[in-house]
Peer 1: 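First, the structure itself, so that you have it in front of you.
Order of listing sets the numbers, starting from 1, for every ligand and every atom in it. Quick caveat: nothing in here was measured; it's all calculated off a predicted structure. The figures that follow rest on heavy atoms only: side chains count, while hydrogens, waters and symmetry mates do not.
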Amino acid sequence: MRILQRKLAHYTEPQKVEKMGIYPFFRMIESDQDTVVTMNGRKVLMFGSNSYLGLTNHPKIKEAAIKATEKYGTGCAGSRFLNGTLDIHIELENKLAEFVGKQSALVYSTGFQVNLGVIPTVTGHASIIEATRLSFAKVLKFRHNDMHSLESVLKKCEPGRIKLIVVDGVFSMDGDIAKLPEIVKLAEKYEATIMVDDAHSIGVLGHHGAGTASHFGLTDKVDLIMGTFSKSLAALGGFIASDFETINYIKHHSRTLIFSASATPASAAAVIAALEIIRDEPERIEHLWDVTHYAIDNFRRLGFDIGNTVTPIIPLYIRDKLKTLTITRMLLDEGVFVNPVVAPAVDKDNTLIRFSLMATHTKEQVDVALEKFEKLGKKLHIISK
Ligand code: PMP
């Protein structure tokens, strides 16, 4: 065996968990992503999806994707920079800019690539290879939504240097919202630029789902808005929106845009259709909030620790890895799919079940899940009797 293979052969943690019957990852789904999915031939209630608006199987969006595939084919065979820019990419960028209230937007092939490509570019190291470049910008972390911690970090930065504050709009695991009004004040005081990752806020918060800045009426004060197509927007890809000069610079320097093939025609067309549906069917967002409040109130009533969530992402803190994996498995056996969140996604003492809602969930479906959670929560001593 070569050195690499010898080393990798020691990595047997997944097999151990598999043997215990509680391995929770790469679970196979045999249907579309809806509130009910098929797994192993069985119907299961889905409470582990990021399809907040329930649009991934909307007939109009599917039709748009099919038509785009017929017209443009299945792939673009090149990057946006060279041969991979279609008229529908430009149309989508114009619509996204308008949607979030910025001058300009740029579409990438995934949201991950947006973050990877934008942050090093705007912090000023656009000329050397990705990995080295990333290490050039000094990264200072601040505590979760803690403004004293943010200010103490900003104080440590040298005056005159580019400072970029990057925050999640809606925190992806805890479901709380960034304290944007206070962040804006600090950014002004310390001359910092703000980038909001709205992966979990687009389609959820703000005017017609325009995101966190819109929610707080601070669109002009947030410099860069990032979003993904893989959640509310029902496809695959991501975007960055900002003023014309910033996007102009990013589109000519961001390596994850320039050296990776563009989003497929089907994805681009699907998102254009999704934006139309979000505008034309505001009742989706209303219903999402209705079931969200219903679920939050009821999990609290049952005695679950759900932290500070105020959004469709509900963390059920278990704070025990084995129990977290065990209840995930037991819930699936009872017909409810949820995601376990363990280290390194969260601190190892803060393991949780991530329960997320879609605009297409009914209160009756939430009731079924609540009943299973109550029964198993008592059985595993997560809540008291
Ligand atoms: N930002 C956040 C906060 C996310 O949760 C995710 C996806 N989990 C991404 C970015 C990446 O988006 P994508 O799935 O489009 O790569």
Peer 1: Do the rings of Phe47 and Phe355 sit parallel, tilted or perpendicular, given the 30° and 60° boundaries?
Peer 2: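 Parallel: the ring planes of Phe47 and Phe355 meet at under 30°.
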Peer 1: When the ring planes of Phe239 and Phe229 are compared, do they come out parallel, tilted or perpendicular, using 30° and 60° as the limits?
Peer 2: parallel
Peer 1: I'd like to check which ligand 1 atoms, numbered from 1 as shown, lie under 4.0 Å from a non-hydrogen atom of Ala199.
Peer 2: 1 (N), 2 (C), 3 (C), 4 (C)
Peer 1: Do any N/O atoms on Phe229 end up under 3.5 angstrom from N/O atoms on ligand 1?
Peer 2: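 For ligand 1, there is no N or O atom that lies under 3.5 Å from one belonging to Phe229.
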Peer 1: Among Leu96, Val114, Ile88, which one satisfies side chain to side chain contact (heavy atoms under 4.5 Å, CB included) with Val107?
Peer 2: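 So the option named by the test is Leu96.
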Peer 1: Under 4.0 Å from any heavy atom of His200, which atoms of ligand 1 are there?
Peer 2: 3 (C), 4 (C), 5 (O)
Peer 1: As an exercise, identify every atom of ligand 1 less than 4.0 angstrom from a heavy atom of Asn115.
Peer 2: 1 (N), 10 (C)
Peer 1: Do the rings of His144 and Phe171 sit parallel, tilted or perpendicular, given the 30° and 60° boundaries?
Peer 2: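 The rings of His144 and Phe171 sit tilted, inter-plane angle from 30° to 60°.
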Peer 1: Between the side chains of Arg80 and Glu93, is the shortest nitrogen-to-carboxylate-oxygen separation below 4.0 Å, so that they form an ion pair?
Peer 2: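 So Glu93 pairs with Arg80 through a salt bridge.
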Peer 1: Using a 4.0 Å cut-off to any heavy atom of Gly237, which atoms of ligand 1 qualify?
Peer 2: 15 (O)
Peer 1: Only heavy atoms count here, so choose which of Asp197, Asp198, Leu236 is nearest to atom 1 (N) of ligand 1.
Peer 2: Asp197
Peer 1: Ligand 1 and Met226, any nitrogen or oxygen pair closer than 3.5 angstrom?
Peer 2: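 By distance alone, the answer is no.
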Peer 1: Using 30° and 60° as the class boundaries, would you call the ring planes of Trp289 and His293 parallel, tilted or perpendicular?
Peer 2: tilted
Peer 1: Which of the numbered atoms in ligand 1 are below 4.0 angstrom from a heavy atom of Thr110?
Peer 2: 15 (O), 16 (O)
Peer 1: Looking at Val346, Thr324, Asp174, which hits side chain to side chain contact (heavy atoms under 4.5 Å, CB included) with Val341?
Peer 2: Val346
Peer 1: Under 4.0 Å from any heavy atom of Gly111, which atoms of ligand 1 are there?
Peer 2: 11 (C), 12 (O), 13 (P), 15 (O), 16 (O)
Peer 1: Does any donor atom in the side chain of Thr351 or Tyr317 lie under 3.5 Å from an acceptor atom in the other side chain?
Peer 2: no
Peer 1: For the 3.5 Å polar cut-off, considering only N or O atoms, please tell me whether Asp168 and ligand 1 meet it.
Peer 2: no
Peer 1: Check if Lys231 has a non-hydrogen atom at a distance under 4.0 Å from any atom of ligand 1.
Peer 2: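 Contact present.
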